[in-house]
Structure formats: structure tokens, C-alpha cells
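Numbered from 1 within each chain, the chains take letters A, B, ... in sequence-line order.
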Amino acid sequence: MIYVIGGPTGSGKTSLAIALAKLWQAPIINADAFQMYQELNIGTNKELAILKPFKPYLYDQLSPTQSLSVAMYQKEFRSLIETLIPKHPKIIMVGGTGLYMKASLYDFEFAPQEVSIDLTKFDTFDNTKLHAHLASLDLEASQKIHVQNRRRVLRAIAIHQTTGKTKSDQEKAQKKALLYPATFIGILPQRDFLYQQLDQRVDAMFKQGLLDEVKTLVKKYGDKLLAFQAIGYKETIAYLKGKTTLDEAIQLIKQSTKRYAKRQITYFRHQLPMKWYGSGKEAFEDLTT
RNA sequence: GGAGGCUUAGCGAAGCGGCCAAACGCAGCUGACUGUAAAUCAGUUCCUUCGGGUUCGGUGGUUCGAAUCCACCAGCCUCCA
């Protein structure tokens with residue numbers, strides 16, 4: 001059985017995972033996209049010191065120069081889980097990236113290899129024209145994707161170009177079924193409380209030296225990494241470039257963090273069959289009695 | 001003490017007699033999500049029993065009709081003393 005622990009950032013998922021892992025002697029698999037990166041420690045709230053001893057999988061193992069993706073995560077997760085299931089009756093999966101969980105646990109199928117295709121010819125298309133082009137290829141997908149969501153429109157076009165099949169057909173071939181026995185546990189503290197915790201956490205990150213961490217990373221790798229899409233990093237980099245004051249950067253990080261938490265709540269609520277608890281403690285008690 | 005300017009929804013800011021419950025931006029709230037997901041995108045935000053009801057610093061006035069014009073009051077700003 002895979003115990004999937006989800007919920008917004010700062011809700012106490014990690015502590016619950018550790019408590020359960022100790023009790024059950026269960027392995028932990030990380031499902032937090034940015035915590036897969038090495039060297040992004042403070043800003044991704046990694047809690048290395050307490051989590052590392054449990055040797056979590058898919059965690060702190062990727063060079064910041066690499067670009068991760070759902071497909072890549074899914075692939076690694078699937079091969080990993082095959083080796084873990086025979087040995088462990090209970091497995092814990094924790095993280096905040098709902099899509100990675102869903103894509104791994106359900107029968108999502110991605111094209112085997114992402115052929116690098118040239119999409120630059122669409123640069124001259126405005127959003128409306130691009131969307132119309134998708135409609136001519138895959139009407140169904142075009143109806144689901146908003147005109148302004150250029151990234152998704154482009155992706156749907158890319159799927160057609162690389163596989164010759166439409167995105168809708170690719171998805172229709174899936175049963176949307178769970179591949180492994182899993183139970184979904186969601187932690188959702190009271191909103192005001194959560195937001196307050198998140199604000200405090202941002203202040204704490206700066207006290208722990210986020211600024212130095214970012215400076216070191218930028219010095220080492222430049223400032224263009226995909227990994228720097230992470231909240232806390234992109235704002236700090238903007239500050240280092242003189243685009244904002246430190247104070248503004250901190251405010252922006254707090255704001256983005258709270259927005260992010262809200263998006264996570266929405267995703268887990270509507271995309272996965274969570275059983276919700278107000279805190280990790282409540283979940284722990286319910287699961288262990 | 002004198003001269004002028006300003007006051008619009010949570011904030012910033014348009015509007016300058018009817019087409020104004022009031023553009024737009026921000027923030028907030030809600031949602032979408034199948035290879036960038038800590039990303040990308042959308043909807044919505046005075047109250048409402050959806051008939052309507054109360055708004056544009058305050059009070060009074062002009063007008064068929066006022067956020068828009070007039071008077072007085074209050075607060076803020078600039079300049080002169």
C-alpha cells in the first residue's frame with residue numbers, strides 16, 4: 001500500500017511522513033518537484049537534517065543544471081516502485097507536486113521520447129492564430145485549452161508533431177486507473193494559520209542564509225536555470241540584479257508562496273481523492289489506531 | 001494669514017452632466033491542469049430574495065437627470081507670507 005501524503009506547502013507533510021516511516025519502517029519517496037534538486041536547500045524548505053537519515057528516494061539527487069519534467073519523474077518513480085513493492089508492505093510518498101503524483105500513480109502515458117522539434121516557426125503566430133492551428137489538428141484539445149495558455153497550446157501541437165497522434169487520442173487511450181494500491185492523505189490546516197506560518201517561514205529562510213545560497217548558485221551556474229523558477233530563487237535573483245529592493249523581494253516571496261499554497265489546495269481537492277485532516281497529528285492518530 | 005491644487009470601490013488610478021455600480025492596474029477570492037507544475041492559464045470581487053437597493057470626503061443646492069456644476073465644511077498637498 002502506498003500512503004500518499006499531499007497538501008499545501010507548510011502543512012506538516014514531512015513530519016507526518018517521518019513519523020509514519022519510523023513506525024512502519026517504511027521507505028519514503030519524495031514527490032516534490034523542486035526538492036529533487038541538489039543545492040537548492042534553504043529556499044525549497046528541504047529539511048535535509050531530519051529527512052536525509054531516512055534516505056528518501058527521488059530527493060536531493062539532481063544537478064541544478066538539469067531540467068526535470070513530469071515524464072522523467074514518472075519514469076523514475078515507476079521503476080523505483082517496482083523494486084520497493086515486493087519488499088515493503090507500506091510505502092510513503094510525500095510532496096506538494098500533485099501532478100507528479102497523479103501522473104505516476106495513474107496510467108498516464110507520455111510519448112516514449114521527447115524528440116526535439118522545432119516550434120520556432122510558431123513564434124510569429126499570435127495566441128488566437130496558434131489556437132486556431134491547434135483546433136485544426138485536435139479540436140477537442142483546443143476546446144479544453146484556453147487561447148491565452150500558449151504553453152499548453154504549443155505542447156498539444158508538439159504532441160501531434162512528434163507522435164502523429166493528437167493529445168486527446170493519447171489521453172483517451174488511458175483508463176484513468178490507479179496502477180498501485182494507494183491511499184491519499186491530505187493535510188489542510190486552517191487557512192489563516194497556514195498563511196501566517198508561511199510568512200514566518202520566509203523570514204526564517206533569509207535568516208538561515210537564503211541570500212548566500214542564491215548568490216553561490218548564481219556564481220556557479222548563472223541565473224538562467226530552469227530550477228530558478230522556484231519561489232524564493234527567482235525573486236532573490238531579481239533583487240541581486242537590482243530590480244527590486246530586498247524588502248520587496250521578501251514581500252513577493254511571501255505572496256507567491258501563499259498563492260502557490262492555494263493552487264496546491266485546489267489541485268489536491270479536485271484532482272485526487274484525498275482524505276483530509278486538519279493537521280498531521282490528526283492524520284497520524286487516525287492512521288495508527 | 002493669503003493663492004492654487006487634490007479627496008473615486010481593499011490599494012493605485014480613469015471618468016469631468018445622461019451610454020456609470022463606475023474603465024484599467026494591483027491585491028484578494030475561486031477555479032483549470034496529462035513532458036517547464038514552486039510552472040502556465042482563466043473567472044470573479046458594493047449589497048441583493050436578482051425585481052431592485054445603497055455608492056464616488058461631508059452637508060446642502062442647481063437640474064427632468066450629478067462622481068461630474070455651485071456653496072459651505074473637513075482633511076491632504078504646493079506656493080506666497
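A81(B) is unpaired under the Watson-Crick or G-U wobble criterion, no partner having all donor-acceptor distances under 3.5 Å. Nucleotide C41(B) forms a Watson-Crick or G-U wobble pair with G31(B), both donor-acceptor distances falling under 3.5 Å. Within the shown strands, G58(B) is the pairing partner of C72(B) under the Watson-Crick or G-U definition, both distances less than 3.5 Å. Pairing for G10(B) goes to C26(B), judged as Watson-Crick or G-U wobble with the two contacts each under 3.5 Å. Nucleotide C64(B): paired with G18(B) (Watson-Crick or G-U wobble, both distances less than 3.5 Å). In this structure G51(B) sits in no base pair that meets the Watson-Crick or G-U test at under 3.5 Å.
In this structure, the CG atom of N41(A) is 15 Å from the C1' atom of A38(B), given to the nearest Å. The distance from atom CG of L154(A) to atom C1' of A39(B) is 15 Å, rounded to the nearest whole Å. Regarding Y100(A), its OH atom lies at a distance of 13 Å from the C1' atom of U40(B), rounded to whole Å. In this structure, the OH atom of Y37(A) is 7 Å from the P atom of A37(B), given to the nearest Å. Remark: C1' of A38(B) and CD of Q264(A) are 7 Å apart, rounded to the nearest angstrom. When the C1' atom of U40(B) is taken as reference, atom CG of L130(A) falls 14 Å away, rounded to whole Å. The distance between atom NE2 of H131(A) and atom C1' of C41(B), rounded to the nearest whole Å, is 12 Å. Look at CD on Q143(A): it is 17 Å from C1' on A42(B), rounded to the nearest Å.
Within 4.0 Å (heavy atoms only), Q148(A) reaches sugar-phosphate atoms of the nucleic acid but no base atom. Across all strands, E235(A) comes closer than 4.0 Å to no nucleic acid atom at all (heavy-atom distances). Looking at heavy-atom distances under 4.0 Å, G232(A) makes no contact with the nucleic acid at all. Looking at heavy-atom distances under 4.0 Å, T257(A) makes no contact with the nucleic acid at all.
G17(B) and G4(B): their P atoms are spaced 22 Å apart (whole Å). Of the C1' atoms belonging to C16(B) and A66(B), the separation is 11 Å, rounded to the nearest Å. Comparing the C1' positions of C72(B) and U49(B) gives a spacing of 42 Å, expressed to the nearest Å. C20(B) and U54(B): their C1' atoms are spaced 15 Å apart (whole Å). When the P atom is used for both C69(B) and G2(B), the distance is 25 Å, rounded to whole Å. U45(B) and C26(B): their C1' atoms are spaced 13 Å apart (whole Å). Look at the C1' atom in both G18(B) and G12(B): the space between them is 28 Å, to the nearest Å. Annotation: C56(B) and A9(B) have their P atoms spaced 10 Å apart (nearest Å).
F125(A) has its ring centre no less than 6.0 Å from the ring centre of H131(A).
Side chain to side chain, Y233(A) and E213(A) meet the donor-acceptor criterion of an N or O pair below 3.5 Å. Side-chain atoms of S256(A) and E235(A) form a donor-acceptor pair, as typed in the model, at a separation below 3.5 Å. No side-chain N or O of S79(A) forms a donor-acceptor pair with one of K75(A) less than 3.5 Å apart. Counted by atom type alone, R201(A) and T9(A) present one or more donor-acceptor pairs between their side chains at under 3.5 Å.
Clustering of Ile, Leu, Val, Met, Phe, Trp and Tyr side chains at separations under 4.5 Å leaves F193(A) isolated, with no partner residue. I28(A) forms part of a hydrophobic cluster together with M1(A), Y3(A), I5(A), L16(A), I18(A), L20(A), L23(A), W24(A), L48(A), I50(A), L51(A), F54(A), Y59(A), I92(A), V94(A), I185(A), I187(A), Y277(A), F284(A), L287(A), judged by ILVMFWY side-chain heavy-atom separations under 4.5 Å.
Within residues 5-15 of chain A, no residue places a heavy atom under 4.0 Å from RNA chain B.
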Which donor-acceptor pairs under 3.5 Å do side chains of residues 175-182 of chain A form with protein atoms, sequence neighbours excluded?
none

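Phosphate proximity of A38(B) to T97(A): present, with a side-chain N or O under 4.0 Å from OP1 or OP2.
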Applying side-chain contact (heavy atoms from CB on, under 4.5 Å), run through I231(A) and F34(A) and close with a yes or a no. CA-CA 10 Å; I231(A) 294 168; F34(A) 284 81; over 6 Å; no
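The glycosidic torsion of G75(B) lies more than 90° away from 0, placing the base in the anti range.
H88(A) meets the side chain to side chain contact (heavy atoms under 4.5 Å, CB included) test with P27(A), L84(A), I91(A); sequence neighbours excluded.
Heavy-atom neighbours of Y267(A) OH from other residues, nucleotides or ligands within 6.0 Å: above the threshold of 12.
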Heavy-atom protein contacts under 4.0 Å, nucleotides 26-34 of chain B, coded B base, S sugar-phosphate only, - none: -SSSSSBBB
